[in-house]
Amino acid sequence: MDTVVERELELMLVLSPERSIPVPARLAYRTEDPYAVHVSFHICSEAPVNWTFARELLVEGVFRPCGHGDVRIWPTKVDGRSLICMALTSPDGNALLEAPAAQVSAWLERTLRAVPPGSEGDRLGLDEGLSALLSALPADDLWLSDPWPSEESADDESQ
């Protein structure tokens with residue numbers, strides 16, 4: 001059975017050191033996609049802006065700076081509040097977002113209970129899929145048998 005762990009929260013989009021605006025967002029984790037977290041930003045557009053990145057990246061980012069390239073995450077404190085910063089980069093632009101650390105951590109804890117670290121691969125069913133793909137079917141017997149016996153096999157049968 002697949003499980004979805006979601007959390008609605010308000011992130012702050014940092015426009016400058018003095019100015020931020022609230023952005024409603026949804027964190028989503030699906031056990032059918034166990035390595036990824038999904039973040040949907042509900043901005044003033046027809047459709048939300050969606051980002052997907054490694055759950056492991058967000059888990060590490062709660063404790064220490066991590067990531068490079070498109071997604072970078074790090075913990076910080078502002079006015080005594082614990083925050084998680086997410087720097088997102090795309091061809092369309094850059095965004096620096098701040099999320100309340102307690103809410104993100106509580107949500108992450110729920111995802112880790114749903115699929116503990118190290119067990120993600122078990123959720124993908126790779127072993128069962130490979131086994132089914134590689135198992136012989138009754139029709140395979142036609143391909144495995146030799147339809148044209150060689151002279152040597154005919155000599156072996158006559159002895």
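Owing to the predicted nature of the structure, the values given are computational and were not obtained by experimental measurement.
In this structure, Val14 is not a member of the same hydrophobic cluster as Val49, with clusters built from ILVMFWY side-chain heavy atoms closer than 4.5 Å. Leu96 and Val39 sit in two unconnected hydrophobic clusters of ILVMFWY residues. Membership requires side-chain heavy atoms under 4.5 Å apart, directly or through other members. Under the 4.5 Å side-chain heavy-atom criterion for Ile, Leu, Val, Met, Phe, Trp and Tyr, Phe63 and Val78 are members of distinct hydrophobic clusters. Taking hydrophobic clusters as Ile, Leu, Val, Met, Phe, Trp and Tyr residues chained together by side-chain heavy-atom distances below 4.5 Å, Val71 shares a cluster with Leu9. The hydrophobic cluster containing Leu83 does not contain Val59, counting ILVMFWY residues as joined when their side-chain heavy atoms lie under 4.5 angstrom apart, directly or transitively.
In this structure, Pro24 and Phe41 have side chains that are not in contact, with every pair of non-hydrogen atoms separated by 4.5 Å or more. For the pair Leu15/Ser20, no side-chain contact is recorded, criterion being any heavy-atom separation below 4.5 Å from C-beta on. Contact of the Leu112 side chain with the Arg55 side chain is registered, since non-hydrogen atoms from C-beta on lie closer than 4.5 Å. Counting heavy atoms from C-beta on, the side chains of Val62 and Leu108 come closer than 4.5 Å. Contact annotation: the side chain of Glu120 never approaches that of Glu56 to less than 4.5 Å [non-hydrogen atoms, C-beta and beyond].
Here the CD1 atom belonging to Ile21 is positioned 11.5 Å from the CG atom belonging to Leu11, to the nearest 0.5 angstrom. Atom CG in Asp33 sits 10.0 Å away from atom CG in Asp2 (nearest 0.5 Å).
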From CA spacing to verdict: side-chain contact (heavy atoms from CB on, under 4.5 Å), Leu88, Asn94: CA-CA 6 Å; Leu88 306 176; Asn94 303 315; over 6 Å; no
Full working for side-chain contact (heavy atoms from CB on, under 4.5 Å) between Trp74 and Ile84: CA-CA 6 Å; Trp74 65 94; Ile84 304 298; over 6 Å; no
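The heavy-atom pair separating Glu6 from Arg110 by the smallest distance is O-NH1, 3.5 Å. When all heavy atoms of Leu58 and Trp107 are compared, the pair lying nearest together is CD2-CZ3, 3.8 Å. The minimum heavy-atom distance between Thr3 and Thr31, with the atom names listed, is N-OG1, 2.7 Å. Here the closest heavy-atom approach between residue Cys85 and residue Glu98 is recorded as SG-CG, 4.1 Å. Between Ser40 and Asn50, the shortest heavy-atom distance links the atoms OG-OD1, 2.6 Å. When all heavy atoms are compared, the tightest approach of Ile73 to Met86 is CG1-CG, 4.0 Å.
For Pro22, the side-chain contact (heavy atoms from CB on, under 4.5 Å) test picks out Glu10, Met12, with sequence neighbours left out. For Thr52, the side chain to side chain donor-acceptor pair (under 3.5 Å) partners at least two apart in sequence or on another chain are His38.
Remark: the Thr89 side chain and the Asp70 side chain contain no N/O donor-acceptor pair separated by less than 3.5 Å.
Between the side chain of Tyr29 and the main chain of Pro34, a donor-acceptor pair closer than 3.5 Å is present.
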